[in-house]
2 protein chains.
Amino acid sequence: MLSDEQKLLVEKIGLMLESEGLSPAVSRVLGLLLVSDKVELTFDEIRETLNLSKSATSNALNIAIKLNRAEYITKPGDRKRYFKSKIELWREHVMDGFCKKCSWSKMFEEVLKHRTKETKDFNKAIKDLVNFLEYMGKELPKLYKEWESKTK
Amino acid sequence: MLSDEQKLLVEKIGLMLESEGLSPAVSRVLGLLLVSDKVELTFDEIRETLNLSKSATSNALNIAIKLNRAEYITKPGDRKRYFKSKIELWREHVMDGFCKKCSWSKMFEEVLKHRTKETKDFNKAIKDLVNFLEYMGKELPKLYKEWESKTK
DNA sequence: TTTATGGTTCTTCAGTTGCGGAACTAAAAA
DNA sequence: TTTTTAGTTCCGCAACTGAAGAACCATAAA
């Protein structure tokens, strides 16, 4: 099913996704869906290739689907589900992650509102951070749109 | 030491940082260092305010320091350490997080290199992602420099 | 020297997580 | 109607994590 190189790649992607907080099984399932020559894989193909139990496979797939990183399709006259990566959404996931960080500015603004006014330097550092996050929060969507228009 | 509102803020920041993968204690310590009217806090002030044990306080502070999110200073003729937030670095931490994501392009490029050439659409989606991440990886530092020069 | 201070390290323990195995279920096939 | 297929759900275990408590250590004060 997978060459040795492909297996290594699945593990590498696995580690990358684990570092993002995903569990080992979910990470490897998503890795497999990226690496496999077949774009659509059945439950059992995934289970066998990754040496997972049925329950682990089921849970991992459902989590991946809930995270909007995988989906499944069906085929007429075939009871199997065919699972595939939602690769087109990775871009948006990345952007969402960026924007989430930028929205922290609200939190820091609230901190600032409740801080003593005595600690000028410290407060200024927070204010700088707020400004920076707001700047990014405004510029990142612009950048995204620019890229979209460039690639159309 | 803390008003009720400040305590709530520490918890809110705590949740924010927990969502980034930090442990509860580390998250609250960093929250406290942002919210407290005193900018420099002693070990025992932190311990008492957050109702932590000495060991938990010690570990949380050392982790925060290792993560480059806190530091301590000392004062002549005083054995205590005074812990404070490295608030000025949050900006860079945010940028580092962004850049780390962009560097994923390498991984996807490697995936692409090993993929069958049969799956044109899928491969194109990956290639788009690579291009997007590389674009962001180039534009983000520009944006950062622009912001730096604007605020000087 | 002894004692107090300021923290660190070690051990323990409760809670959580991720996974496997087995039992279960719904729908289709025989 | 029974059996097979394609998964899901429940239970249990092993490994891990975070924090408490206590013992420990290094430095300074008495």
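Numbered from 1 within each chain, the chains take letters A, B, ... in sequence-line order.
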Applying ring pair (Phe, Tyr, Trp, His ring centres under 6.0 Å), can you list everything that pairs with A/Trp104, at least two apart in sequence or on another chain?
none
Is there a donor-acceptor pair under 3.5 Å between the side chain of A/Ser36 and the backbone N or O of A/Leu32?
no
Whole-Å gap separating P (D/dA19) and CZ (B/Arg47):
15 Å
Between protein and nucleotides 5-11 of chain D, map the contacts as a letter string: B base, S sugar-phosphate only, - none, heavy atoms under 4.0 Å, written 5' to 3'.
BSBBBB-
Send over the distance from B/Leu50 CG to D/dG18 P, rounded to a whole Å.
17 Å
For DNA chain D, what residues of residues 12-36 of chain B have any heavy atom nearer than 4.0 Å?
B/Ser23, B/Pro24, B/Ala25
Give me each pair satisfying salt bridge (charged side-chain N to carboxylate O under 4.0 Å, His left out) with a member in residues 51-79 of chain A, each pair once, sequence neighbours excluded.
A/Glu40-A/Lys75
Quick one: B/Leu52 CG to C/dT8 C1', roughly how many Å, whole number?
16 Å
Distance-only donor-acceptor hits, side chain of residues 94-102 of chain B, under 3.5 Å, sequence neighbours excluded:
none

Could you note down all residue pairs passing salt bridge (charged side-chain N to carboxylate O under 4.0 Å, His left out) where residues 122-148 of chain A supplies at least one of them, sequence neighbours left out?
A/Lys124-A/Asp128, A/Glu139-A/Lys142
Can you list everything that forms a ring pair (Phe, Tyr, Trp, His ring centres under 6.0 Å) with A/Tyr144? Sequence neighbours excluded, please.
B/Phe132
Taking salt bridge (charged side-chain N to carboxylate O under 4.0 Å, His left out) as the cut-off, I'd like each qualifying pair that reaches into residues 27-39 of chain B, sequence neighbours left out, listed once.
B/Glu11-B/Arg28, B/Glu18-B/Arg28, B/Lys38-B/Glu45
Whole-Å distance between D/dG18 C1' and B/Asn51 CG?
16 Å
5′-ward residue of the pair A/Ala60/A/Gly77 relative to DNA chain C:
A/Ala60
Do any pairs count as a ring pair (Phe, Tyr, Trp, His ring centres under 6.0 Å) and have a residue in residues 26-78 of chain A, sequence neighbours left out, and if so which ones?
A/Tyr72-A/Phe83
